[in-house]
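We use all heavy atoms of the structure for the numbers below, so side chains are in, but hydrogens, waters and symmetry mates are not.
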Amino acid sequence: FVDAGFAGDKEDTKSTSGKNFPVLTGPNTYFPLTWSSTKQTATSRSTTESEVVSLALGVFSEAIPASILWTLILGRDIKTRIYEDNQATITVVKKGYSKKLRHISRTHKVNLGSLKEVCVNDSTELVCIETKKQAADIFTKALAPNLWDHALEMLGIQKTSRPPPPEEEDPRPN
């Protein structure tokens with residue numbers, strides 16, 4: 001799960017990246033291994049740009065290394081699912097380019113190109129998820145008190161009232 005809070009810092013307008021990576025899931029298992037909140041180092045000019053930066057951070061710092069590790073431990077290929085709640089970001093990553101992002105710096109262009117390479121690989125799946133089911137949302141901005149229970153439940157910190165869904169479905173509670 002990766003997310004970004006666009007221009008959330010009131011002083012310098014920088015965005016915040018949030019990630020909940022990797023999460024081990026199975027028929028009766030939902031176990032997040034790491035999560036983080038990181039202020040982005042450059043100002044993004046759009047939500048899509050900030051989401052691409054966050055996605056690159058999550059994929060290259062956590063998802064790929066974890067995938068390699070679990071492939072070695074299990075002795076077989078594993079499927080990596082990356083949950084993103086911004087459809088425009090998914091479209092741009094799958095294309096590897098967007099005219100609306102032609103202004104982005106060289107670093108962000110490399111991120112975008114690298115993400116396209118990863119996401120066309122059969123072992124990686126970029127999945128669009130509803131914002132209310134985005135487990136990384138809690139790491140991108142302050143949440144209203146009434147949203148905390150749901151956010152903690154998505155992180156596996158609070159017990160859900162039902163067993164986790166099968167692996168083929170969204171691994172988080174509704």
Side-chain angles (χ1 to χ4, degrees), residues 1-6 8 15-41 47-48 50-87 89-90 93-94 111 114-174:
F1 299 93
V2 293
D3 199 15
F6 175 62
S15 302
T16 302
S17 294
K19 62 184 183 205
N20 183 18
F21 254 142
V23 177
L24 299 178
T25 59
N28 298 308
T29 307
Y30 180 82
F31 189 78
L33 297 176
T34 64
W35 53 62
S36 72
S37 176
T38 308
K39 185 175 173 180
Q40 294 181 2
T41 58
T47 300
T48 302
S50 68
E51 293 277 352
V52 166
V53 171
S54 185
L55 183 60
L57 176 67
V59 166
F60 297 111
S61 70
E62 298 290 341
I64 290 176
S67 176
I68 293 168
L69 175 65
W70 286 105
T71 297
L72 290 171
I73 289 171
L74 298 173
R76 63 177 174 82
D77 289 337
I78 62 161
K79 183 81 165 183
T80 301
R81 286 191 189 99
I82 305 162
Y83 293 100
E84 167 63 53
D85 67 354
N86 185 291
Q87 186 61 52
T89 300
I90 292 170
V93 166
K94 288 183 178 180
N111 281 339
S114 300
L115 286 168
K116 180 184 180 195
E117 288 178 8
V118 168
C119 292
V120 297
N121 186 326
D122 288 339
S123 65
T124 305
E125 182 181 15
L126 184 56
V127 179
C128 188
I129 190 168
E130 295 176 58
T131 299
K132 69 180 183 178
K133 293 182 177 183
Q134 176 53 275
D137 190 48
I138 192 173
F139 304 113
T140 64
K141 61 189 146 296
L143 292 181
N146 63 324
L147 300 176
W148 269 94
D149 286 342
H150 178 67
L152 293 174
E153 188 175 300
M154 286 192 294
L155 295 175
I157 294 173
Q158 287 184 335
K159 186 177 179 184
T160 60
S161 58
R162 60 195 161 108
E167 188 175 312
E168 295 80 40
E169 296 178 17
D170 179 356
R172 297 166 330 116
N174 288 331

Under 3.5 Å, which donor-acceptor pairs do the side chains of residues 69-77 form with other protein atoms, sequence neighbours left out?
residue, atom, partner, partner atom, Å
Thr71, OG1, Ser67, O, 2.8

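- At least one side-chain heavy atom of Phe1 sits less than 4.5 Å from a side-chain heavy atom of Val23.
- Nearest heavy atoms, Thr140 versus Gly18: CG2-N, 3.7 Å.
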Donor-acceptor pairs are to be reported for all side-chain atoms of residues 116-125 against protein atoms at under 3.5 Å, with residues two or more places apart or in another chain.
residue, atom, partner, partner atom, Å
Asn121, OD1, Ser123, N, 2.9
Asn121, OD1, Ser123, OG, 3.1
Glu125, OE1, Arg81, NE, 3.1

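- Remark: Ser50 engages no residue in a side chain to side chain donor-acceptor pair (under 3.5 Å) (not counting sequence neighbours).
- Legend: residues meeting side chain to side chain donor-acceptor pair (under 3.5 Å) with Ser17, ordered by chain and number and at least two apart, are Gln40.
- Between Thr48 and the options Ile90, Asn86, Val53, Val93, a side chain to side chain contact (heavy atoms under 4.5 Å, CB included) holds for only Asn86.
- Legend: residues meeting side chain to side chain donor-acceptor pair (under 3.5 Å) with Asn111, ordered by chain and number and at least two apart, are absent.
- The two residues Trp148 and Leu143 come nearest to each other via the heavy atoms NE1-O, 3.6 Å.
- Residues Phe60 and Ser114 approach most closely at CZ-CB, 3.3 Å, considering heavy atoms.
- Between Val2 and Glu84, the shortest heavy-atom distance links the atoms CG2-OE1, 3.6 Å.
- Shown here are the side chain to side chain donor-acceptor pair (under 3.5 Å) partners of Ser61, two or more places apart in sequence or in another chain: Lys19.
- Scanning all heavy atoms of the two residues, the minimum distance from Trp35 to Leu155 falls at CZ3-O, 4.0 Å.
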Begin with the C-alpha distance, continue with both residues' side-chain angles, and end with the deciding distance and a verdict on side chain to side chain contact (heavy atoms under 4.5 Å, CB included) for Asp85 and Glu130.
CA-CA 6 Å; Asp85 67 354; Glu130 295 176 58; over 6 Å; no

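- If you take CG on Asn20 and CD on Gln134, they are separated by 8.5 Å, rounding to the nearest 0.5 Å.
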For side chain to side chain contact (heavy atoms under 4.5 Å, CB included), just list the numbers for Ile82 and Val127, CA-CA rounded to whole Å, side-chain angles, deciding distance to a tenth of an Å, and then say yes or no.
CA-CA 6 Å; Ile82 305 162; Val127 179; over 6 Å; no

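- Separation of atoms CG (Leu152) and CD1 (Ile138) is listed at 5.0 Å; rounding is to 0.5 Å.
- Across Glu51 and Asp3, no two heavy atoms sit closer than the pair OE2-OD1, 3.0 Å.
- Here the OG atom belonging to Ser36 is positioned 6.0 Å from the CG atom belonging to Leu57, to the nearest 0.5 angstrom.
- Rounding to the nearest 0.5 Å places CD1 of Ile157 at 11.5 Å from CG of Asp149.
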